[in-house]
Undergrad: 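Mind having a look at this structure? Questions to follow.
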Amino acid sequence: MAERPGKPRKPDWVIDKERARRAAAAETVWLFGLHAVRDALANPRREKLRLVATPNALDRLGDLHGMEPEITDPRIFGKAVPLAPDSVHQGAALEVKPLKWGGLSDVVLREAPGERRPLLVALDRVTDPHNIGAILRSAEVFGARAVIAPARHSAPETGALAKTASGALERQPYLRVPNLAEALAQLKNMGFVLIGLDGTGEAPLPDLLATLPGRAVCLVLGAEGPGMRELTLKSCNHVARIPFAADFGSLNVSNAAAVALYAASMA
């Protein structure tokens with residue numbers, strides 16, 4: 001007897017995509033440290049799941065915005081929450097879902113009050129959460145609309161990143177895109193001038209910015225050492241360098257981003 005046809009099997013790529021979506025939906029992040037936890041509690045966009053704190057930390061957190069805390073003894077705090085032993089948690093930890101900022105165009109085309117020019121930062125293969133946290137902090141200070149990075153080659157939201165960002169993670173959009181080259185092409189179509197920062201750049205960044213008054217700019221930085229990938233470099237409209245006083249100079253990527261953001265925000 002002929003076998004009855006069953007429901008067609010989904011292709012493997014569809015199954016993998018659905019599994020990834022379910023895993024992402026189940027993903028949670030533990031934020032730690034008084035500043036990071038306090039700012040996350042105050043963020044209405046943040047989905048908050050569990051707050052664990054010592055009595056002393058609870059007093060210092062202030063408004064819990066409706067969260068019911070789990071109070072624990074400082075001597076057993078490390079057993080109450082899954083943090084790395086060297087985490088400087090200050091007796092406070094908050095389990096949350098990663099922030100959802102929306103699509104690329106939803107964020108980067110949103111005008112920021114008081115900005116001199118629309119500013120973005122794109123990062124290629126910057127994987128250190130401390131560097132990204134520091135860049136988010138600088139991006140907020142200098143009025144960038146977003147920090148953009150590839151989903152597979154960048155640091156995800158972590159407690160270490162949030163602590164280094166000192167609250168900026170809750171306010172500064174951090175967009176991890178499926179394909180950085182495609183995102184950069186979209187930014188060009190939106191009117192952004194892409195400026196790659198590299199020691200081999202022919203033009204000093206301040207001189208280049210002076211030729212682009214009022215133009216929307218995306219500063220593109222690569223990881224320390226390997227720098228930007230070739231495709232990323234080719235995607236840039238210009239490649240500039242940060243001028244140094246000495247014959248040789250190099251900056252940590254987060255310091256380079258801060259200097260470049262200041263220059264672009266003031267030009």
Side-chain angles (χ1 to χ4, degrees), residues 23-102 107 110 112-114 121 126-147 149 154-176 252-255 257-258 261-262:
E27 181 185 359
T28 65
V29 180
W30 277 97
L31 306 180
F32 57 84
L34 291 169
H35 202 155
V37 170
R38 187 184 294 119
D39 284 349
L41 286 170
N43 184 3
R45 297 173 60 99
R46 177 71 83 173
E47 186 178 348
K48 298 167 277 282
L49 305 174
R50 183 182 170 206
L51 172 63
V52 181
T54 64
N56 181 53
L58 203 59
D59 291 339
R60 298 171 67 189
L61 282 174
D63 189 353
L64 301 184
H65 299 273
M67 283 291 294
E68 189 68 34
E70 299 175 28
I71 303 173
T72 187
D73 189 289
R75 292 168 295 184
I76 61 169
F77 188 90
K79 296 179 181 179
V81 291
L83 299 180
D86 59 349
S87 299
V88 185
H89 52 72
Q90 299 173 291
L94 180 67
E95 187 181 15
V96 299
K97 288 289 187 76
L99 283 166
K100 297 177 182 178
W101 290 101
V107 175
R110 189 179 302 151
V121 177
V126 179
T127 57
D128 185 335
H130 298 93
N131 276 333
I132 291 184
I135 291 168
L136 285 169
R137 192 172 183 181
S138 295
E140 180 183 30
V141 167
F142 295 114
R145 293 185 179 182
V147 174
S154 63
E157 284 189 35
T158 62
L161 188 156
K163 196 169 194 307
T164 308
S166 193
L169 180 63
E170 303 302 320
R171 300 177 294 271
Q172 179 65 44
Y174 176 41
L175 304 180
R176 298 174 69 224
N252 168 282
V253 65
S254 61
N255 291 332
L261 280 163
Y262 172 76

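Nothing here was measured: the structure is a model prediction, and the numbers come from that model. Worth knowing before you read on, the calculation uses all heavy atoms, side chains too, and leaves out hydrogens, waters and symmetry mates.
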Undergrad: Rounded to the nearest 0.5 Å, how far apart are CZ of R137 and OG of S254?
TA: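 Those atoms lie 11.0 Å apart.
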
Undergrad: Indicate the atoms forming the closest heavy-atom contact of A155 with D128, along with that distance.
TA: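 For A155 versus D128, the nearest heavy atoms are CB-C, 4.3 Å.
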
Undergrad: Could you tell me which residues satisfy side-chain contact (heavy atoms from CB on, under 4.5 Å) with D39, sequence neighbours excluded, listed by chain and number?
TA: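 Expected list: H35, E170, R171.
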
Undergrad: Can you tell me which residue pairs pass the ring-ring contact (aromatic ring centres under 6.0 Å, His included) test with a partner in residues 41-67, sequence neighbours excluded?
TA: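 Non-adjacent pairs meeting ring-ring contact (aromatic ring centres under 6.0 Å, His included): zero.
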
Undergrad: Short question: side chain of R145, backbone of R110 - any donor-acceptor pair under 3.5 Å?
TA: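 Yes, because the side chain of R145 sits within donor-acceptor range (under 3.5 Å) of the backbone of R110.
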
Undergrad: Mind listing the closest non-hydrogen atom pair of V52 and W30 along with its distance?
TA: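 Of all heavy-atom pairs spanning V52 and W30, the closest is CG2-CH2, 4.1 Å.
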
Undergrad: Could you give the distance from CD (Q172) to CG (L136), rounded to the nearest 0.5 Å?
TA: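 Separation between the atoms: 6.0 Å.
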
Undergrad: Do N43 and L99 have side chains that get closer than 4.5 Å, going by heavy atoms?
TA: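 Yes, side chains in contact.
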
Undergrad: Between T54 and N56, does any side-chain donor sit less than 3.5 Å from a side-chain acceptor?
TA: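 No donor-acceptor contact under 3.5 Å links the two side chains.
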
Undergrad: Could you measure the distance from the CG atom of L94 to the NZ atom of K48? Nearest 0.5 Å is fine.
TA: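 Output value for this atom pair is 7.5 Å.
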
Undergrad: Excluding sequence neighbours, so at least two apart, what forms side-chain contact (heavy atoms from CB on, under 4.5 Å) with R176?
TA: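 With sequence neighbours excluded, R176 shows a side-chain contact (heavy atoms from CB on, under 4.5 Å) to A151, S154, P156, Y174, given in chain and number order.
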
Undergrad: Tell me the side chain to side chain donor-acceptor pair (under 3.5 Å) pairs involving residues 69-85, sequence neighbours left out?
TA: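 Those involving residues 69-85 are R50-E70, D73-R75.
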
Undergrad: Is a side-chain donor or acceptor of E95 paired with a backbone partner of T28 at a separation under 3.5 angstrom?
TA: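 No, E95 side chain to T28 backbone: no donor-acceptor pair under 3.5 Å.
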
Undergrad: Please list all pairs meeting ring-ring contact (aromatic ring centres under 6.0 Å, His included) that have one or both residues in residues 66-94, counting only residues at least two apart or in different chains.
TA: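 Listed once each, the pairs are F77-H89.
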
Undergrad: For residues 158-165, run the donor-acceptor check on the side chains, cut-off 3.5 Å, and write out each pair with its distance to 0.1 Å, sequence neighbours left out.
TA:
| unit_1 | atom_1 | unit_2 | atom_2 | d |
| --- | --- | --- | --- | --- |
| T158 | OG1 | L161 | N | 3.1 |
| T164 | OG1 | A160 | O | 2.9 |

Undergrad: Within the structure provided, determine whether R46 and L31 are in side-chain contact (heavy-atom separation under 4.5 Å).
TA: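 They are in side-chain contact.
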
Undergrad: Applying the side chain to side chain contact (heavy atoms under 4.5 Å, CB included) criterion to V147, which one of L175, V126, V121 satisfies it?
TA: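 Result for side chain to side chain contact (heavy atoms under 4.5 Å, CB included) with V147: V121.
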
Undergrad: So, do L64 and L41 sit near enough that their side-chain heavy atoms are less than 4.5 Å apart?
TA: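 Side chain of L64 against side chain of L41, heavy atoms only: contact under 4.5 Å found.
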
Undergrad: Would you say L261 and V141 make side-chain contact, with heavy atoms under 4.5 Å?
TA: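 Answer no - side chains too far apart.
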
Undergrad: Holding to side-chain contact (heavy atoms from CB on, under 4.5 Å), I want the full list of residues that pass it with A257, two or more places apart in sequence or in another chain.
TA: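 For A257, the residues satisfying side-chain contact (heavy atoms from CB on, under 4.5 Å) (neighbours in sequence not counted) are I135, L221.
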
Undergrad: CG/L51 to CE/M67 distance, rounded to the nearest 0.5 angstrom?
TA: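 Between atom CG of L51 and atom CE of M67 there are 5.0 Å.
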
Undergrad: Quick one: list whatever passes side chain to side chain donor-acceptor pair (under 3.5 Å) with T127, sequence neighbours left out.
TA: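 Here no residue qualifies.
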
